[in-house]
Amino acid sequence: MKILSVFGTRPEAIKMAPLLQCLAKQPQLESIVAVTAQHREMLDQVLQLFDIHPQYDLNLMHHGQTLEDITTAVLQGLAPIMEKERPDLVLVHGDTTTTMAASLSAYYHQIACGHVEAGLRSGDKYAPYPEEINRRITGVLADIHFAPTPLAANNLLREGIDENRIVITGNTVIDALLQATDKPCSLSGLGLDNVDWQKRIILLTCHRRENWGQPMREIFSALNDILDEHQDVEIIFPLHKNPKVREIAYHNFTNAQQVHFCEPLDYLPFSHVMKRSSLVITDSGGLQEEAPSLGKPVLVLRTVTERPEAVEAGTAMLAGNTYQSVYDTAKLLLNDSAVYQKMSHAINPYGTGHAAEKITAAILERL
Ligand code: UD1
Ligand code: UDP
């Protein structure tokens, strides 16, 4: 039985890595990998860390790439691979344009597709954009849906997916996080040498397309003002490689003393920085799953989320993406210790680190 896993960005790679490790241990399976390299450097960091050696690399990333560029390059690049390998199952992950186009490619070649991290829905087709529609399209095309939570499984059932095709597995990001935080890690030489670890650390990431432009300007200005008013707080901001994000960040953070920009961190140091932070502020999907399991409150820089489990459990809060909403929620968390304490308990609605095993077992059973 041959399984072809296709992914292209940093988060897909992090979340597929534990599954690849698990698949590799099954003697009856041949597991091969095609990366689209929708991300280049940020993907390679993860491939190296988890020792993943793809059989195929479409190497498609270029600066200023559009959604159309990615979609067409994935479809065209995967076609000969699908034909040559004729796998029994194609695995895709999550909601990127690589995910959507790879599942479409599997369908065009009439090959079964398994969707890992299936069933997440925000209910708003433009938030996150284009991820909400990417995952819905993949949901229509997939033959097996690995839903991380019961809530995600319910979303699929509501859309008419046969319950026999849905498996609740937990999220593989927790498998990856537990592996990473278990390993020792030095934080020197990463651009963080001036961080005062005695202060309260906010770990910030921000990259979503719908936040580009004015929302990002407002978010960063609000956090800059928060720093000016809280001398005992510092921000660590590993900058996404996208120049659009960098430009706005450099321009709107004027408090050079308390904000520490750095390159995207390898997953190992990143997870250790998260462990040492007081608060996570992010528009990322994955961080909304990781931070709660480490007991770190998360302010989500969005108006809606497809990951309501942590909000319902009280460890995440929607902070929106305007100056005022970000300023108010950050201030609340920093100044009201009762609110902070209430939000900083560890929860694991996204799993206990065994998602990859459950997905592998379900694949073996079905194949
Ligand atoms: C993509 C995904 C998003 C996911 C995010 C994870 C789509 C449409 N978007 O968004 O769902 O949350 O990845 O980070 O699928 N770049 C580099 N080097 C890298 C990576 C990116 O230079 O290693 C720069 C390039 O200029 C590239 C740009 O970032 O053109 C944007 O990359 P792209 O994958 O199109 O969008 P992301 O915002 O990264
Ligand atoms: N991450 C990382 N280094 C960084 C920033 C994030 O390894 O400098 C990890 C993070 O722990 C999470 C994933 O990357 O697992 C999230 O990726 P991203 O925010 O790019 O994408 P999203 O989750 O929003 O799709």
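When reading the values below, keep in mind they use all heavy atoms of this one structure, side chains included, and skip hydrogens, waters and symmetry mates. Note that this is a predicted model, so its numbers are computed, not measured. Just follow the structure's listing: the first ligand is 1, and inside any ligand the first atom is 1.
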>> What I'd like to find out is whether the side chain of V35 reaches to under 4.5 Å of the side chain of P54, using heavy atoms alone.
In response: yes
> Can you tell if the side chain of V233 reaches within under 4.5 Å of the side chain of K199, non-hydrogen atoms only?
Replying inline: no
>> As a test of reading the model: which residues have a non-hydrogen atom less than 4.0 Å away from ligand 1?
In response: T9, P11, Q38, H39, R40, E41, M42, M61, H62, H63, G64, Q65, L67, I70, T96, T97, P130, E131, H207, R208, R209, H240, K241, N242, P243
> Can you name the residues that come within less than 4.0 Å of ligand 2, going by heavy atoms only?
Replying inline: R10, P11, I14, H207, R208, P238, P264, L265, Y267, F270, S284, G285, G286, L287, E290
>> What I want to check is whether the side chains of T254 and N224 have a donor and an acceptor closer together than 3.5 Å.
In response: yes
> Is a side-chain donor-acceptor pair under 3.5 Å present for E12 with T98?
Replying inline: no
> Using the ring of each side chain (for Trp, its six-membered ring), is Y129 parallel, tilted or perpendicular to Y126, with breaks at 30° and 60°?
Replying inline: tilted
> Looking at R246 and P264, what are the two nearest heavy atoms and their distance?
Replying inline: NH2-CD, 3.6 Å
> Given V273 and L187, is the side-chain contact (heavy atoms from CB on, under 4.5 Å) satisfied, shown in steps?
Replying inline: CA-CA 8 Å; V273 169; L187 297 180; 4.0 Å; yes
>> So does L60 get a backbone contact from the side chain of Q38, meaning a donor-acceptor N/O pair under 3.5 Å?
In response: no
> Any donor and acceptor pair, going by atom type alone, linking the side chain of Q55 with main-chain N or O of V33 inside 3.5 Å?
Replying inline: yes
